[in-house]
Structure formats: C-alpha cells, structure tokens
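Here the structure is laid out as structure tokens; the discussion comes afterwards.
Small disclaimer: the values here were computed from a predicted structure and weren't measured. Residue numbers start from 1 in every chain, and the chains themselves are labelled A, B, ... in the order their sequence lines are given, proteins ahead of strands.
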Number of protein chains: 2
Amino acid sequence: MIRYSGQTRVLVAVDCIIFGFDGDHLKILLIQRGFEPEIKKWSLMGGFIQPEESLDQAANRILKQLTGLEGVYLEQMQAFGDPKRDPLERTIGIVYFALIDIHQYEKQISHEYHAEWFLLDLAPNLIFDHAEMVAMAKQKLRYKAALHPILFELLPEKFTVPQLQNLYEGIYGASFDKRNFSRKLLSTGLLIRQKEKDKENSKKGAFYYILDKERYKNNFQAFFNFVPNPENLIL
Amino acid sequence: MIRYSGQTRVLVAVDCIIFGFDGDHLKILLIQRGFEPEIKKWSLMGGFIQPEESLDQAANRILKQLTGLEGVYLEQMQAFGDPKRDPLERTIGIVYFALIDIHQYEKQISHEYHAEWFLLDLAPNLIFDHAEMVAMAKQKLRYKAALHPILFELLPEKFTVPQLQNLYEGIYGASFDKRNFSRKLLSTGLLIRQKEKDKENSKKGAFYYILDKERYKNNFQAFFNFVPNPENLIL
DNA sequence: ACAAAAGTGTTAGCTGTACACCCATGA
DNA sequence: TCATGGGTGTACAGCTAACACTTTTGT
C-alpha cells in the first residue's frame, strides 16, 4: 500500500469528560488509570483510537465501556497536542464532553475502572494535561448552557423546575430569582407538565415536567438567555 | 524507548480555513494541492504535524507558509477523524480557522501554492471532507460573530462603520438598519474615532475608527448582541 | 399550628427596533 | 444643483429584573 512518505505517525487518544449532577452539585467521573505510566493516578476515561472507528465512535465506545450508557449527550470539545503532554510517547488527545443522568449511570456502572464521582471543584490531581481539559470543559459547559438548553441532559427524564434551578445555580455559582427563572423556562415551551409531583424534596410537592423532544430539537440552535446578567459571569 | 504497545499510530494533519473580506464579500483562501493523491485539486491549506510542534504551532506555521502572516486570529475548530477521509492513509484532520485582513495578505503572498480567493458560496469542489469543514467553519463564524466582536480581525487597522456594517450584512445575508447598527456598535466603547476620513467610498467621507485593544481584550468574553433578531437566523 | 418549599403577578426601567431627515462633498 | 452615501434622534414595544404573598402538606 502506498502511504505518505517521510511523515511521523502518532497515537491519537480520545478522552471523555463526563459530567453528572447529583441534585446539589456538578460532578465529574474519573477513573484510576490502569496502566503505566502514571498507573493508579486519577485520570479522565480515555482510549486510543482504533483503526476502523471514527472519533465520534471512539468517544461513544469509551463512554459505554465505563458507564454502560449509549445515546447520551456527547460533544467534541478540543484537541490537545503539546508534544510533551504524554511523557511516554507523543499522543494527540481529542477531548469530548458528555452530560449524563448520574442516576442512570449508577444503575449500569462498570466497576472495572475504579471510577468515582468528584465534585467539580474538589477533583484530585490528574495525570498529564487532564486538569487543563477539565477546566476548559467547565468553561465550555457554562458558556453553552447560558445559550442553549443542554442542562436537561444532566437530569432524569422527569424533573421539577426547582431541580433545574438548583442545577443552574450550581453551575453558575449564583442564585436566581425563582419567579423569573420559572417564567423564563416555561415560556420556552420546551417543558410539558406532568400530573404527578415529586414529593421527596418538599411537603407540598413539585410538578414533574418532561422535555418536549420535538421542540427541543427545533429550538436547540436558537439563542436563549437562561442566565440573568450573563455579562457579569466569568465565562 | 518504551512505548504504548499494540496501538495504531496515524498521521495528523492540520488544515486551515482562511477567511478574508474584500469589502463586499466573505472569501476563503484555497490552494491547489501539490502532491498525490488528488494533486492539482482545490484544497484547504494544510500540513502534517511535525514531531516537535504543538497543534497551535503547526497551524501558525501553515498559515505563515501560505500567507506570510503572523499573529493573526487563529482558532482551533474541530477534529475530523473518519477512517476513510483520506483514501491513501488514515489521517486525523484538525481544522483551524483564521481571520485575516485580505489586503495584508496580498502584500505578502507566497505564490508557491497557487492560492486563490474564492467567494465563500462559490467555492470549487474540494478534496476529501474539506467542503464539510468549510461549511462548519462558516456556521461557527456566524455563531461566534453574533456574540463576540471578532469580525474586526477581517478588516484593516483603520476601518469605517459602514465597512463594518457591510461585513456583518455579508456574513448574515441580511441588511441591518444603519442607525441601530452604528449605535449598538459605538456603545460598546470598543472603537476610537480617528480624525481622518475614508473618502474612497463616498463623497462626504466616513470617519475611520480603530479598535481599543485594551478594551477589546477585556470585553471579548462578554456577550454582545451584534445581530438583530438572532433567533431568526439559521446558525 | 407551624415550618418548608412550591407556585404565582405586577411594575419600573431598560433594551431593541422601527422609522425620516439633514449633512458634506464631488461631479 | 444634484446625486450619493454618512451621520444622527425619537418613540414605542417588549423584555428583564426586582419584589412579596398565598398554597400545600407533613410533622
């Protein structure tokens, strides 16, 4: 087979930043690396790209290996290519970030990787440049969530407005007026109120809502303004 | 040297989408590919990553090779990794997009690559998946320019408000009210009016402005709303 | 009865947008 | 003097944000 001559070939790894929300805090799922170098240190879940798979396929495969989940929100973020980022051998790292329902994950967890959820702001030291990747993903999530309705991906199918508000408040480290929040949210027309209430978090109970998937798809690219005074936030 | 065993190494190419604005239309700079496969076909400017350079360095090198320019706006966009995207050998393509002042380029052009500017919507057929890359870059540019003041990068140091409005109108294929446009723009405080006027495009002449670089840096991450009715645009 | 969280309505200020006229100049 | 493009002000509508009270129910 003819190939390009005189060029260096390198490893390409796909790393996944997996976000989850436990009801109070935003978390990321980390694993203990199973091979040298840096064995046993905390790391993002990743893997080398295989000969016959695309980048998206690799990311989905890696996510499934760890969480058992398929069809979740997964987006390519950025490629990292410092020549020294992996001390053993040059590796280009292509980072994806995923938003999953943390409770779904708990049902299907694979224990093979010694994975653990960490509070986003209290994560342990990570190998290589993974901390930089996580920092960028956090920025990106804030940025994107301010404009597009992606945070639903972190919640179960049925969720309440106060839960969603908690999530936004957690992500932006700010508190929003609940009347304005609820009005803005419901005015998108993306939510369908259910008959049942969530009685776990209050005596009165809060109505469950589900996403109107059709409208969600159609409205995804529209600009929203889910965060009051976005110019005051550090993105 | 110890290496990761049993893994496939692949080529990594960096491809640059170079945008320019001729005063009326948004254009991209394409080259005629100089080697097989697909020799002589139109292509983005690209090159394989070298052993000791980072991705950003590679992109800057490639941009400089073609245009002679340094220090221009350059942003990593997306990695493309379909296993069959290059028929000769598997190659991961990492795409950057650059915004340059087309007139600067003309001063420093390298003729080595048979480069030509094409109207964005009338570009020729491109090799591999380059057309997909360009389509994505166009979307991304529209998206980003609606929120951040990046289009200055396409203009000379001194520019007029009508020029800038032309640029926005070209990019969004829409026409904006000049009173509202000018007010919105000047209210950002990013522009400093000069004493001279551009007399080339009108008898009365239009004041030149320059960017307040300090404020530009500080305000870059703030949200703007440069495009009226953004929800009507297809991004 | 009381504590705790859910749910809802009004107003004032601001921002976005529509719209029309005068100005400066070269031909 | 006229045609061309540059520059500006105002008014209305819609949105954002600030703000407080009632409802429900478990204990």
Side-chain angles (χ1 to χ4, degrees), chain A residues 23-24 146-147 149 155 158-170 172 174-210 219 222-233, chain B residues 23-24 146-147 149 155 158-170 172 174-210 219 222-233:
Chain A
D24 292 312
L147 298 166
L155 293 174
K158 294 193 304 185
F159 51 86
T160 68
V161 173
Q163 272 171 22
L164 198 50
Q165 182 168 353
N166 253 335
L167 174 52
Y168 273 88
E169 292 185 338
Y172 294 102
S175 55
F176 307 138
D177 182 274
K178 66 176 173 174
R179 291 159 288 190
N180 293 335
F181 183 85
S182 139
R183 184 158 359 100
K184 196 180 280 192
L185 191 71
L186 296 176
S187 74
T188 63
L190 292 177
L191 300 190
I192 303 168
R193 189 159 104 174
Q194 304 303 103
K195 299 229 166 84
E196 322 92 71
K197 284 182 162 191
D198 162 38
K199 309 277 269 183
E200 291 197 4
N201 297 298
S202 75
K203 292 159 186 166
K204 183 178 179 182
F207 281 107
Y208 280 119
Y209 286 81
I210 59 169
N219 280 328
F223 284 112
F224 289 102
N225 179 13
F226 277 121
V227 180
N229 295 318
E231 64 278 4
N232 296 332
L233 295 170
Chain B
D24 293 311
L147 297 166
L155 293 174
K158 294 192 305 185
F159 51 86
T160 67
V161 173
Q163 272 170 22
L164 199 49
Q165 181 168 353
N166 251 335
L167 174 51
Y168 273 88
E169 293 186 337
Y172 294 102
S175 55
F176 307 139
D177 183 273
K178 66 177 174 173
R179 290 158 291 192
N180 293 335
F181 183 85
S182 143
R183 182 158 2 105
K184 196 180 280 191
L185 191 71
L186 297 175
S187 74
T188 62
L190 292 177
L191 299 191
I192 304 168
R193 189 158 104 174
Q194 303 304 103
K195 301 226 166 87
E196 323 91 71
K197 285 183 161 189
D198 162 38
K199 310 275 269 186
E200 291 197 4
N201 298 297
S202 75
K203 292 159 186 169
K204 182 177 179 180
F207 281 108
Y208 279 120
Y209 286 82
I210 60 170
N219 280 327
F223 284 112
F224 290 101
N225 179 14
F226 276 120
V227 180
N229 297 316
E231 65 278 4
N232 297 332
L233 295 170

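Look at CD on A:Glu200: it is 16 Å from C1' on C:dA4, rounded to the nearest Å. In this structure, the CG atom of A:Asp198 is 14 Å from the C1' atom of C:dA4, given to the nearest Å. The interatomic distance linking A:Leu186 (CG) with C:dA6 (P) rounds to 14 Å, in whole Å. B:Tyr208 has its OH atom 14 Å from the C1' atom of D:dG6, to the nearest Å. For the pair A:Gln165 CD and D:dA17 C1', the computed distance is 14 Å after rounding to whole Å.
Using a 30° and 60° split on the angle between ring planes, A:Tyr168 and A:Tyr172 fall in the parallel class, below 30°.
Across all non-hydrogen atoms, the minimal contact from B:Leu185 to B:Thr188 is O-OG1, 2.6 Å. B:Ser182 and B:Val161 get closest at one heavy-atom pair: CB-CG1, 4.0 Å.
The base of C:dG16 does not come close enough to the side chain of B:Lys184 for any donor and acceptor atom to sit less than 3.5 Å apart. Residue-to-nucleotide contacts include a donor-acceptor pair under 3.5 Å from the side chain of A:Lys204 to the base of C:dA6. Below the 3.5 angstrom threshold, one finds no donor paired with an acceptor across the side chain of A:Arg179 and the base of D:dA17.
For the pair A:Lys199 and D:dG26, the criterion of a side-chain N or O lying under 4.0 Å from OP1 or OP2 is met.
The nucleotide whose nearest atom lies closest to any side-chain atom of B:Lys203 is, among C:dT8, D:dA3, D:dG26, D:dA3. Ranking D:dA17, D:dT24, D:dG7 by closeness to the A:Asn180 side chain, first place goes to D:dA17.
Between A:Lys178 and B:Phe207, the one whose closest nucleotide on DNA chain D sits nearer the 5' end is B:Phe207. Between A:Asn201 and A:Arg183, the residue anchored closer to the 5' end of DNA chain C is A:Asn201, taking for each the nucleotide with the nearest heavy atom.
Here CD of A:Gln194 is found 9.5 Å from OH of A:Tyr209. Values are rounded to the nearest 0.5 Å.
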